[in-house]
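Below is one structure, written out as structure tokens; the observations come after it.
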Number of protein chains: 2
Amino acid sequence: MEDHMTTIKDIAKAAGTSVTTVSRALNGHSDVSAKTMKHIKEIADRLNYSPNVVARSLVMKKSKTIGLLVSEISREGTKDNFTFEVLCGINDCAAEYEYDPILFNTNTSKQRIKSYTQLCRERKVDGVILQGMKKDDPYLIEVVESDIPCVLIDIPITGKNVGYVSTNNQLGARRAIEHLVELGHQHIGFINGHEQAYVSEERFKGYKQAIQEAGLELREEWVVNGQFSERTAEFTAKKLLATYPQITALFCASDLMALGAVRAANSLGRKVPDSLSIVGFDDIVLAQYASPALTTISQNKYLMGYQAANMLIGLLEEKETNKSVLIENQLIVRESTAENKLKEWY
Amino acid sequence: MEDHMTTIKDIAKAAGTSVTTVSRALNGHSDVSAKTMKHIKEIADRLNYSPNVVARSLVMKKSKTIGLLVSEISREGTKDNFTFEVLCGINDCAAEYEYDPILFNTNTSKQRIKSYTQLCRERKVDGVILQGMKKDDPYLIEVVESDIPCVLIDIPITGKNVGYVSTNNQLGARRAIEHLVELGHQHIGFINGHEQAYVSEERFKGYKQAIQEAGLELREEWVVNGQFSERTAEFTAKKLLATYPQITALFCASDLMALGAVRAANSLGRKVPDSLSIVGFDDIVLAQYASPALTTISQNKYLMGYQAANMLIGLLEEKETNKSVLIENQLIVRESTAENKLKEWY
DNA sequence: TTGTACGCGTTATCAC
DNA sequence: GTGATAACGCGTACAA
């Protein structure tokens with residue numbers, strides 16, 4: 001393989017035309033005669049030409065790339081494949097429209113001085129998708145104020161060039177609680193995520209509504225945060241269950257936390273689902289393989305990613321685009337919930 | 001936010017110098033006086049300057065990006081997080097050296113006409129990491145012959161600009177078999193992947209060696225392919241076990257296939273591990289949550305990715321770099337293997 | 001130490 | 001239809 005990359009200049013020389021004509025021919029412009037077009041394309045083929053997108057980007061100010069600012073693409077995020085599924089959806093959609101996703105490095109300490117807009121502008125990405133950011137992330141305001149088109153996952157902000165994709169978290173939480181209520185549970189605790197997550201807010205709203213609609217008493221002390229972490233949730237759930245043994249069911253704002261809660265229950269001698277029902281959220285792959293398999297609110301993570309990319313590309317190509325998408329999620333009943341057999345105790 | 005991106009030209013104007021000086025100052029060249037350097041940097045700061053890496057790439061012919069050609073970044077690959085963990089490792093290492101990974105789309109049909117080299121050259125990535133390719137992929141040879149630096153994961157090819165990272169598959173397989181032999185198993189089947197995988201070759205070698213060293217008979221008909229697929233493995237394992245009921249242990253070339261094998265066993269009324277022992281490979285997250293939790297050969301997937309990126313960057317920056325890295329893997333004993341209680345039957 | 005001039009590969013504007 | 005020419009933003013011989 002020769003060292004020299006063939007350029008349109010080479011083609012022009014070989015074809016005996018100007019570079020302008022070559023450029024137009026290769027881009028399928030109509031103002032070039034059929035036969036020179038054919039001629040040029042043949043030569044380009046023969047010379048194994050491929051365009052230099054870098055040069056093209058420079059002049060076009062479009063790079064056909066989208067930036068990905070996602071949390072948890074690092075050692076820790078490996079356990080729950082939420083991020084990965086979202087990524088797959090993004091990638092598939094981007095592929096359809098011939099965009100290439102580029103992963104931004106945001107996790108190194110020295111890199112941290114670079115602002116979000118700097119990252120995007122340096123790489124000249126056409127737009128960005130953000131996932132896993134906290135509500136109080138200092139970059140968030142920067143995002144919205146900048147003119148870089150972006151789509152947020154699970155943060156409901158819209159603007160001229162800003163949209164978001166999320167699932168119906170409130171309804172999802174309600175469905176979880178309703179399921180437990182139907183099983184006869186009346187003392188339902190809630191292991192939420194943390195204050196900086198929009199989804200936690202929403203899921204709490206859903207929890208609250210469902211509890212009240214069922215005519216149950218809302219007890220704030222039964223709602224605790226597990227930081228979306230398995231360990232923290234285990235610890236927190238243990239404390240909660242020890243303090244309020246009358247709780248017969250737990251709703252957890254993530255499957256990972258539900259897994260932690262199951263362990264907490266086990267360590268307290270309470271078997272799931274016989275003496276404690278647990279509902280998770282997300283439907284990660286683990287949920288169906290865990291034992292007991294988790295009853296959970298399933299989020300279509302792949303679709304979230306796909307829709308996010310789709311919206312972003314819509315924004316970029318100035319299509320009529322909805323700036324907010326809410327995906328329905330779904331109750332999946334597995335083995336971690338069962339009828340409350342303890343209700344007569346109270 | 002203003003629409004105009006500030007360029008070195010703007011800085012030059014503001015500083016009353018030439019663009020050359022600005023360029024040199026910002027890049028920390030030594031041939032610029034301390035005070036103009038300081039002056040220019042201040043102005044750059046004030047103007048919120050960030051370099052246009054596209055323009056820089058064009059002239060430097062280096063983009064500080066690495067291409068990722070990985071299989072299974074699509075809907076199907078979501079279940080086993082192997083790819084994701086590798087990705088995390090790559091990303092973390094790339095971040096350290098300030099490279100940005102860019103995901104290449106290789107899965108769409110129309111895109112398929114573009115060759116790998118075309119993809120790489122168009123995007124002007126400095127190098128590529130390939131993962132999940134089959135041995136007979138027509139593009140593989142193309143990559144190796146091209147002058148684009150690349151690192152292969154699990155394909156042992158080296159060259160001037162080509163290296164690879166893998167784990168010690170042969171030894172891993174041996175350890176699996178030795179473990180089973182120690183438990184008293186003498187009839188050990190093997191659900192391998194497929195012919196196009198280098199790792200399958202190696203694992204078969206290891207299987208063969210260990211079987212022979214244990215003084216057992218190597219029966220080729222006990223070795224079948226499960227295509228690395230859970231379903232196929234389930235089907236295949238069922239047939240194998242039905243045909244040769246004397247088999248008391250199964251070694252599977254992936255955890256996903258081991259999961260399939262467990263189901264096959266269940267459907268045949270053989271309980272794991274009591275009446276059938278199963279060893280997997282990979283140690284995916286599912287392995288520890290499945291029931292029974294899988295005994296498996298653990299591969300450090302994160303490290304594979306990290307080392308691959310590290311090697312590639314070494315290649316790019318012309319460091320003295322080892323062109324082949326073999327990572328040790330490890331037997332993890334969980335619940336899917338047990339002492340053979342059936343041995344007296346034969 | 002600093003500035004001038006040019007090139008990287010491409011597209012776009014305007015003539016012809 | 002086609003071809004000069006300028007521009008995109010940056011780095012670097014070379015000259016001063």
Side-chain angles (χ1 to χ4, degrees), chain A residues 2-41 43-44 47-65 98 118 120-126, chain B residues 2-41 43-44 47-65 118-126:
Chain A
E2 44 237 293
D3 199 71
H4 180 68
M5 295 285 90
T6 94
T7 71
I8 53 172
K9 213 185 243 170
D10 302 322
I11 299 177
K13 203 175 295 173
T17 70
S18 72
V19 291
T20 312
T21 308
V22 174
S23 173
R24 280 188 291 226
L26 261 27
N27 288 321
H29 286 211
S30 55
D31 59 351
V32 46
S33 80
K35 81 157 186 280
T36 51
M37 170 100 78
K38 183 160 164 282
H39 184 209
I40 287 176
K41 283 191 170 168
I43 295 184
L47 263 44
N48 192 23
Y49 170 78
S50 44
N52 183 332
V53 300
V54 171
R56 181 183 284 163
S57 302
L58 185 58
V59 50
M60 302 280 274
K61 295 174 182 313
K62 295 229 175 290
S63 62
K64 278 279 200 173
T65 57
E98 304 192 30
Q118 252 178 315
C120 300
R121 293 198 315 215
E122 285 189 5
R123 279 292 179 205
K124 286 282 173 286
V125 294
D126 296 341
Chain B
E2 42 236 295
D3 198 70
H4 179 70
M5 295 288 89
T6 95
T7 71
I8 54 172
K9 211 187 247 169
D10 301 322
I11 299 178
K13 203 174 296 173
T17 72
S18 73
V19 292
T20 311
T21 309
V22 175
S23 173
R24 282 188 289 224
L26 261 28
N27 289 324
H29 287 208
S30 55
D31 59 351
V32 48
S33 79
K35 80 157 187 274
T36 52
M37 171 100 80
K38 183 158 165 283
H39 183 208
I40 287 176
K41 283 192 171 168
I43 294 185
L47 264 44
N48 192 22
Y49 170 78
S50 45
N52 183 332
V53 298
V54 171
R56 180 182 287 164
S57 302
L58 186 57
V59 52
M60 301 282 275
K61 295 173 182 314
K62 294 226 177 290
S63 63
K64 278 279 200 174
T65 57
Q118 250 178 317
L119 278 173
C120 299
R121 294 198 314 216
E122 287 188 5
R123 280 291 179 206
K124 287 282 174 283
V125 293
D126 296 341

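Remember, it's a predicted structure, so these values are computed and weren't measured experimentally. Just so it is clear: chains get the letters A, B, ... in the order the sequence lines come, proteins before strands, and each one is counted from 1.
Here the closest non-hydrogen pair linking A/Val53 and B/Glu122 is CG2-O, 2.6 Å. The shortest heavy-atom contact between A/Ser50 and B/Arg121 is OG-NH2, 3.6 Å. Closest non-hydrogen pair, B/Val19 versus B/Lys9, comes out as CG1-CA, 3.7 Å.
The side chain to side chain donor-acceptor pair (under 3.5 Å) analysis of residues 11-28 of chain B, with sequence neighbours excluded, yields the pairs B/Ser18-B/Thr21. For residues 52-65 of chain A, the pairs satisfying side chain to side chain donor-acceptor pair (under 3.5 Å) are A/Ser63-A/Thr65, A/Ser63-A/Asp126, with sequence neighbours left out. Applying the salt bridge (Lys or Arg N to Asp or Glu O under 4.0 Å) test to every pair with at least one member in residues 31-41 of chain B, sequence neighbours left out, gives these pairs: B/Lys38-B/Glu42.
A straight line from CD1 of B/Ile40 to P of C/dT1 spans 13 Å, rounded to a whole angstrom.
Axis orientation changes by 40° from one end of the helix from C/dT1-D/dA16 to C/dC16-D/dG1 to the other, with each end axis drawn from 5 pairs and the value rounded to 10°.
A heavy atom lying under 4.0 Å from DNA chain D marks the following residues of residues 31-39 of chain A, by number: A/Asp31, A/Val32, A/Ser33, A/Thr36.
Here the straight-line distance linking atom CD1 of A/Ile43 with atom CG of A/Leu26 works out to 10.5 Å at 0.5 Å rounding. The CD1 atom of A/Ile8 sits 10.0 Å away from atom CD1 of A/Ile40, with the distance rounded to the nearest 0.5 Å. Separating the CD atom in A/Gln118 from the CG atom in B/Asn48 is a distance of 6.0 Å, to the nearest 0.5 Å.
If you walk DNA chain D from 5' to 3' and mark each nucleotide with an atom closer than 4.0 Å to a heavy atom of chain B, the marks span D/dG9 to D/dA13.
Scanning for side-chain hydrogen bond (donor to acceptor under 3.5 Å, both in side chains) contacts around B/Ser33 gives B/Thr36, with sequence neighbours left out.
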Checklist outcome for this item: The contact string for nucleotides 3-11 of chain C, one letter per nucleotide 5' to 3', using protein heavy atoms under 4.0 Å with B, S and - for base, sugar-phosphate only and none, comes out as BBB-BBBBB

